[in-house]
Amino acid sequence: MNFFKKNNSIDSNNTVVINGKSISVTGNNISVINDKVYVDGKLVEEGLVGHVTVEFKGDLANLKVGGAANVIGNVQGYIDTGGSVSITGNVGGDVDAGGSVTCGDVKGDVDAGGSVRINK
């Protein structure tokens, strides 16, 4: 899973929640690979077990996740998830989800394996 900020910086008030554990992040890249979380290539959390849930608090440029995701904020670019996705804000690009999609306005196309709900 990779989270990228459009202006190449992530504000210190952004938080990624992995399996219920909040991690305050500063950096350009957030990646969840297997059982480890990296920020700018540096390991910040490891030992994730079982089904991994991801929640991001803050605005993102693009979101690519192998499973389901929840974003509390806006996504400036595209979203590509293997599962369902919920975004409290708007999406500036396309949404491609293996499951259902719930979000605000979408500037691009929506391709979902489940239901689609656009909150106005």
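Keep in mind that the numbers below use all heavy atoms, side chains included, and drop hydrogens, waters and symmetry copies.
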Closest non-hydrogen atom pair between Val85 and Ala97, with its separation: CG1-CB, 4.1 Å
Under the side chain to side chain donor-acceptor pair (under 3.5 Å) test, residues paired with Asn90 that sit two or more places apart: none
Residues which pass side chain to side chain donor-acceptor pair (under 3.5 Å) with Ser84, listed by chain and number, not counting sequence neighbours: Ser100
Hydrophobic cluster identity match, Val75 and Ile72, side-chain contacts under 4.5 Å: no
Minimal non-hydrogen separation, Asn70 against Ser86, with atom names: OD1-O, 3.1 Å
Gap separating the SG atom of Cys103 from the CG atom of Asn119, nearest 0.5 angstrom: 7.5 Å
With Asp94, the side-chain contact (heavy atoms from CB on, under 4.5 Å) member among Asp109, Ile79, Val106: Asp109
Minimum side-chain heavy-atom gap Asn74-Ile87 below 4.5 Å: no
Side-chain heavy atoms of Val95 within contact of Asp111, under 4.5 Å: no
Heavy-atom closest pair, residues Ser22 and Thr15: CB-CG2, 3.8 Å
Spatial distance of atom CD1 (Ile23) from atom CD (Glu45) [nearest 0.5 Å]: 4.5 Å
